[in-house]
Amino acid sequence: MADPKGFLTTGREVAKTRPADERVKDWNEVYVPGSLLPIISKQAGRCMDCGIPFCHNGCPLGNLIPEWNDYAYREDWTAASERLHATNNFPEFTGRLCPAPCESACVLGINQPAVTIKNVEVSIIDQAWDRGDVTPQPPERLSGKTVAVIGSGPAGLAAAQQLTRAGHTVAVYERADRIGGLLRYGIPEFKMEKSHINRRIEQMRAEGTKFRTEIEVGKDIDAAKLRRRYDAVVIAAGATVSRDLPVPGRELNGVHFAMEYLPLANKVQEGDLTVSPITAEGKHVVVIGGGDTGADCVGTAHRQGALSVTQLEIMPRPGEERNANQPWPTFPMLYKVTSAHEETEVLAGLKEGAGSGQGPSAPKAGEGRVYSVSTTHFEGDEDGNVQALHLVEVEFKDGKLEQKPGTERKIPAQLVTLAMGFTGTDQANGLVQQFGLELDARGNVARDDDYATNVDGVFVAGDAGRGQSLIVWAIAEGRSAARGVDRFLTGASALPAPIRPTDRSLTV
C-alpha cells in the first residue's frame with residue numbers, strides 16, 4: 001500500500017485548467033502544463049490498495065490500478081509505465097479522453113471523493129514519454145502470416161499493435177488522409193493534441209506495422225481482393241453512421257452532423273485548411289445532444305468565435321449525486337461540467353446558480369445547456385439558411401416522452417450541429433455487403449466468442465461489433481480480437497483477451 005493514511009489525510013485534487021477566457025483563444029489542451037506532477041504522488045497515495053479492487057471491474061481493460069498507483073506514489077515512473085502498458089496500449093489516449101468508469105467503481109468513492117485514477121494514468125504515461133521509457137517493441141521473429149486491419153481508431157490500432165508484436169505482418173487501412181480515426185478527426189485538439197497520436201504511430205511503424213491511408217475498403221479496394229491478399233482481416237471501422245433528426249427544416253443550410261463539423265476544425269489545425277467551410281464565427285450556435293460529442297461541438301464553436309452557444313438535451317438534467325438506481329460501483333449518470341461547459345458559462349457571463357436548465361429559469365440562447373426539450377422544426381430565411389430553432393419542453397409520463405403544452409418557443413440558430421450519437425457501422429460503402437457479413441439485431445457486425453464473423457478469417461472489433469461505446473472498450477476489444485486472430489493463424493495464442501464480445505458495463 002502506498003500511503004496507509006493517504007485516503008484519510010489527503011483530499012482529492014485534480015488537474016488545473018487554464019482560465020476559460022484565455023484558452024478559448026487557442027486550440028491547445030485546456031490543462032495547465034506541468035500542474036499535475038507536483039501533486040500526483042500524494043494523489044496516488046490516496047489509493048487504498050483494496051483486497052478486491054473494484055476499479056479493475058470498472059475498467060474493461062483490467063488496468064492494474066493499485067499497482068501503478070503505488071509506483072506513482074514512490075515516483076518510480078519506469079515501473080509504473082511498465083504496469084500501465086501491461087494492459088493498455090495507449091494510456092495517453094484513455095488518460096485524456098476516457099470518462100473514467102474506474103473512478104466510479106473506486107472503493108474509496110463509496111463515501112469519499114474517488115482516487116484521481118485518470119490523472120495518475122496520464123501523469124505516468126507523460127513521464128514515460130519524457131523519460132524515453134516508451135520504445136518500439138518489434139517481434140523477435142515473424143510468423144509469415146499477414147493481417148489487414150480496416151480502421152485506425154483505438155480498436156484498430158490496438159489490434160494492429162498486438163498482432164504486430166505477435167510476429168504477424170499487419171497493414172492498417174484508413175479511408176481518411178491520416179491515421180487515427182475518430183481520435184484524429186472526431187476529438188478536438190483542445191481535448192487531445194494530435195502529437196500524442198503521431199508519436200504512437202511512429203512507434204508502431206518502428207515495430208513493423210504498415211499504414212495505408214486514403215483507401216476505403218468497399219470502394220477503393222473490394223473485399224475479395226483484400227481476402228486474397230491477407231491471411232486474416234480485422235474490421236474495426238467503427239459505428240460512424242450519425243443519428244439524424246427528421247424534422248421539418250432539416251434540409252436547410254447550416255444544419256450539420258457533428259461529424260461533418262468537427263473534422264473540418266481539426267483539418268484547420270492540421271494545416272490543410274485556412275478556415276473551416278463550416279464555421280461558428282459570428283453565429284448563434286445550437287448543439288443538439290448532451291453527450292461528449294456535443295460538448296466537443298460547444299468547445300469548438302467557442303474557439304471559432306460564436307456569438308452564443310446553446311446545447312439542447314431531451315433528457316432531464318442529471319443529479320450531482322448517485323441515484324438510488326445507480327449504486328456504487330456502477331457508472332452513474334451525473335451532471336458534469338466539462339471544460340467546454342465552463343467556457344460557455346464564463347463567456348456568457350452567467351452568475352453562480354444560473355443555467356440549471358429546468359423550468360422557467362431555463363437558459364435562453366447562449367446561456368448554456370437546456371434540458372428536457374425537443375426540437376420541433378427549423379426555420380430558415382429566403383435563401384434556405386437556418387435562422388432559428390423551434391423547441392418544446394418535454395416530460396416523461398407513464399414511461400413515455402410527452403410534450404408540455406404551451407412551452408413552445410424559438411431560439412436563434414445560424415449553425416446547428418446534430419450530436420445525438422451513432423447508429424451503426426457504415427454500409428453505404430459496400431464493406432458489409434462485399435464481405436457477406438451477418439448483422440446482429442442492433443445492426444452491428446455479428447461475431448462469436450473469438451470475435452470471428454460468419455466469414456472465415458474475418459474478425460470484427462470495436463464499435464463495428466459492439467455499437468457506440470467508450471475508448472477503453474474499443475482498446476479492450478482490439479486487444480481481445482487480436483488474440484482471436486492470433487489463435488486462428490497459429491492454433492494458439494499467448495495474447496491477453498481482457499473482455500468477451502458479450503461483456504457489458506456493470507449495471508443493475
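Between Phe190 and Trp27, the ring-plane angle classifies as tilted under the 30° and 60° cut-offs.
Gln203 and Gln161 share a side-chain donor-acceptor pair at under 3.5 Å.
One finds the CG atom of Leu64 at 11.0 Å from the CG atom of Asn69 (value rounded to the nearest 0.5 Å). Put simply, CD1 on Ile197 and CG on Leu183 are 5.0 Å apart, with the number rounded to the nearest 0.5 Å. Taking CD1 of Ile288 as the start and CD1 of Ile314 as the end, the distance is 10.0 Å to the nearest 0.5 Å. Taken from CD1 in Ile40 to CD in Gln127, the straight-line distance is 10.5 Å, to the nearest 0.5 Å. Taking OH of Tyr31 as the start and CZ of Arg23 as the end, the distance is 9.0 Å to the nearest 0.5 Å.
Within the 3.5 Å criterion, the main-chain N or O of Gly254 finds no donor-acceptor partner in the side chain of Gln414.
A salt bridge between Arg131 and Asp133 is present, with a side-chain N of the basic residue lying under 4.0 Å from a carboxylate O of the acidic one. Residues Glu202 and Arg205 are paired through a salt bridge, judged by an N-O separation under 4.0 Å between the basic side chain and the carboxylate. A salt bridge links Arg200 with Glu92; the closest basic N to acidic carboxylate O contact falls under 4.0 Å.
Within 6.0 Å of the CZ atom in Arg442, the count of heavy atoms belonging to other residues, nucleotides or ligands does not exceed 12. The environment of CD in Glu281 is sparse: at most 12 heavy-atom neighbours from other residues, nucleotides or ligands sit within 6.0 Å.
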- Tell me, with the steps shown, if Asp503 and Arg500 meet salt bridge (Lys or Arg N to Asp or Glu O under 4.0 Å). CA-CA 5 Å; Asp503 285 345; Arg500 297 166 298 181; 2.9 Å; yes
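The only option from Lys194, Arg96, Arg18, Lys16 that meets the salt bridge (charged side-chain N to carboxylate O under 4.0 Å, His left out) definition with Glu29 turns out to be Arg96.
The aromatic ring centroids of Tyr173 and Phe211 lie 6.0 Å or more from each other.
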